[in-house]
Novice: 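Dropping the structure in here first, questions after.
Predicted model only: the values in this text are computed from it and were never measured.
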Amino acid sequence: MPITYMIDAQNWMGLSDSHIHNICPQHGLVKDAKEAFESMQQAAQKDNIDIQLASSFRSFDRQLNIWQKKWSGDLPINDFDSQPLDTSQFTALEKIHAIMLWSALPGASRHHWGTDLDVFDKRAIENSGQPLQLISSEYDISGPCYNLHCWLDENADKFDFYRPYKNYTGGVAPEAWHLSYAPISKRIIEHLDLDILATQLAATEIGGKAAILEHLNELFERYTLNGMR
């Protein structure tokens with residue numbers, strides 16, 4: 001299948017959605033990833049796994065909104081075990097690291113690309129009687145999405161998906177729910193540009209901006225590039 005995707009900064013920073021094809025009103029992916037996801041979804045249904053999207057394409061502005069809510073305290077900042085942290089005594093840099101354990105900097109999120117998605121087993125979550133939280137315990141052996149987790153281990157690569165955050169490598173926490181469409185996402189990695197990202201963030205009103213810009217090289221390497229190559 002030919003890959004149809006124009007890689008440029010507007011796309012990889014989430015400043016444009018021209019590369020996105022809608023799956024439903026709430027979700028979209030690039031064309032090739034969308035088709036691969038739908039094929040994977042159909043295959044999983046045959047094994048009684050109801051794969052649905054929790055998150056897919058996310059714009060720069062939407063990622064910025066998540067960041068700002070965490071920075072202001074309107075959303076919790078969780079530790080490695082998905083428990084809320086008290087960041088009131090944190091320095092700006094400590095707070096940035098705490099946020100980036102689970103949430104990317106605007107402009108540096110894989111969800112901007114249209115190749116990455118968060119998935120869950122809708123039927124299993126509904127049967128559990130608990131709302132979806134996208135936390136590790138839901139995908140562990142006693143969690144409602146464990147069968148999905150095992151199914152993805154065996155089948156995701158058949159549809160060209162992989163888990164970029166399967167293991168902790170010192171940056172982003174493990175995310176069993178996060179899939180990436182390898183034929184495109186692995187190409188995008190080679191086009192990421194720290195200088196372009198720095199210019200965009202410098203022009204953005206974002207919590208912790210001074211510390212972000214001062215330490216951007218370290219943050220970019222640890223959370224954006226770490227584990228990608």
Side-chain angles (χ1 to χ4, degrees), residues 1-45 49-67 100 102-122 132 134 148 151-153 155-166 171-172 175-194 196-197 199-201 204 220 223-229:
M1 178 192 305
I3 298 298
T4 55
Y5 185 85
M6 178 69 70
I7 299 173
D8 61 37
Q10 291 290 306
N11 288 351
W12 64 253
M13 287 198 297
L15 298 171
S16 169
D17 63 1
S18 62
H19 54 309
I20 299 303
H21 291 248
N22 288 339
I23 295 174
C24 64
Q26 295 80 27
H27 294 293
L29 296 166
V30 297
K31 179 177 183 291
D32 304 282
K34 172 182 179 289
E35 292 173 355
F37 167 72
E38 290 171 341
S39 295
M40 182 174 68
Q41 188 179 47
Q42 292 169 11
Q45 284 285 3
I49 304 290
D50 184 16
I51 299 181
Q52 299 296 334
L53 292 168
S55 186
S56 50
F57 169 73
R58 195 179 300 149
S59 70
F60 180 95
D61 287 342
R62 187 173 171 199
Q63 191 70 25
L64 177 62
N65 182 257
I66 293 169
W67 183 278
M100 292 187 71
W102 294 104
S103 296
L105 273 172
S109 172
R110 297 182 68 108
H111 282 286
H112 297 331
W113 307 350
T115 60
D116 284 52
L117 48 150
D118 297 334
V119 296
F120 69 106
D121 186 332
K122 182 179 179 182
L132 179 70
L134 282 186
L148 167 62
W151 192 90
L152 291 172
D153 273 347
N155 296 282
D157 63 347
K158 298 176 185 175
F159 303 91
D160 290 322
F161 288 104
Y162 76 108
R163 286 165 161 157
Y165 305 129
K166 183 174 183 178
V172 178
E175 294 186 352
W177 51 86
H178 187 125
L179 300 177
S180 184
Y181 184 64
I184 297 177
S185 65
K186 290 190 174 183
R187 290 171 51 217
I188 294 172
I189 292 165
E190 302 306 319
H191 291 261
L192 302 181
D193 189 307
L194 181 62
I196 292 174
L197 176 62
T199 299
Q200 178 63 35
L201 291 172
T204 301
F220 188 70
Y223 295 99
T224 305
L225 297 183
N226 186 17
M228 284 191 178
R229 291 174 172 161

Novice: Just by modelled atom types, is the C24 backbone N or O under 3.5 Å from a matching donor or acceptor in the N22 side chain?
Specialist: no
Novice: Where the side chain of D8 meets the backbone of N11, is there a donor-acceptor pair that is under 3.5 Å apart?
Specialist: yes
Novice: Using 30° and 60° as the class boundaries, would you call the ring planes of F159 and W151 parallel, tilted or perpendicular?
Specialist: parallel
Novice: Less than 4.5 Å apart, side chain to side chain, heavy atoms only: is that true for F57 and L29?
Specialist: no
Novice: Roughly how far, to the nearest 0.5 Å, is the CE atom of M40 from the CD1 atom of I49?
Specialist: 11.5 Å
Novice: Do D153 and K166 pass the salt bridge (charged side-chain N to carboxylate O under 4.0 Å, His left out) test, and can you show the C-alpha distance, the side-chain angles, and the key distance before you say yes or no?
Specialist: CA-CA 10 Å; D153 273 347; K166 183 174 183 178; 3.5 Å; yes
Novice: Considering all heavy atoms of both residues, which atom of I51 and which atom of Q41 are nearest to each other, and what is their separation?
Specialist: O-NE2, 2.8 Å
Novice: Sub-3.5 Å donor-acceptor pair from the side chain of D193 to the main-chain atoms of I196, do we have one?
Specialist: yes
Novice: Any side-chain heavy-atom pair from M100 and V172 closer than 4.5 angstrom?
Specialist: no
Novice: May I ask you to test the L53-D118 pair for a side-chain heavy-atom distance under 4.5 Å?
Specialist: no
Novice: If you define the side chain from C-beta out and look only at heavy atoms, does anything of R163 sit under 4.5 Å from W177?
Specialist: no
Novice: How far apart are the closest heavy atoms of V30 and W113, and which atoms are they?
Specialist: CG1-O, 3.5 Å
Novice: Using 4.0 Å as the upper bound for N to carboxylate O, is an ion pair formed by D116 and R58?
Specialist: no
Novice: Can you tell me how far apart CG (D50) and NZ (K122) are? Round to the nearest 0.5 Å.
Specialist: 7.0 Å
Novice: So I7 and R187, side-chain contact (heavy atoms from CB on, under 4.5 Å) or not? Walk me through it.
Specialist: CA-CA 8 Å; I7 299 173; R187 290 171 51 217; 3.7 Å; yes
Novice: Walk me through whether R110 and Y165 qualify under side-chain contact (heavy atoms from CB on, under 4.5 Å).
Specialist: CA-CA 11 Å; R110 297 182 68 108; Y165 305 129; 3.2 Å; yes
Novice: Where do Q63 and N65 land on the side chain to side chain donor-acceptor pair (under 3.5 Å) test, with the steps shown first?
Specialist: CA-CA 5 Å; Q63 191 70 25; N65 182 257; over 6 Å; no
Novice: To the nearest 0.5 angstrom, please state how far the CD1 atom of I66 sits from the OG atom of S109.
Specialist: 8.0 Å
Novice: If you take all heavy atoms of F161 and A33, which pair is closest and at what distance?
Specialist: CZ-O, 3.8 Å
Novice: Kindly indicate, with the supporting measurements, whether the criterion ring-ring contact (aromatic ring centres under 6.0 Å, His included) is fulfilled by H178 and H111.
Specialist: CA-CA 10 Å; H178 187 125; H111 282 286; 5.0 Å; yes
Novice: Would you give the length of the straight line joining atom CG of N155 to atom NZ of K158, rounded to the nearest 0.5 angstrom?
Specialist: 4.0 Å
Novice: At what distance, to the nearest 0.5 angstrom, does CD of Q10 lie from NE2 of H112?
Specialist: 11.5 Å
Novice: For P164 versus S180, what's the shortest heavy-atom pair and its separation?
Specialist: CD-CB, 3.9 Å
Novice: Regarding K34 and the six-membered ring of Y181, is the cationic atom NZ or CZ under 6.0 Å from the ring centre and inside 45° of its axis?
Specialist: no
Novice: Can you see which heavy atom on W12 is nearest to which on I188, and at what distance?
Specialist: CB-CG2, 3.9 Å
Novice: Would you indicate whether the side-chain heavy atoms of Y162 and D157 approach each other to under 4.5 Å?
Specialist: no
Novice: Which heavy-atom pair separates L197 from P106 by the least distance, and what is that distance?
Specialist: CD1-O, 3.8 Å
Novice: Listed by chain and number, what are the side-chain hydrogen bond (donor to acceptor under 3.5 Å, both in side chains) partners of S56, not counting sequence neighbours?
Specialist: H27
Novice: Roughly how far apart are L105 CG and T224 OG1, rounded to 0.5 Å?
Specialist: 6.5 Å
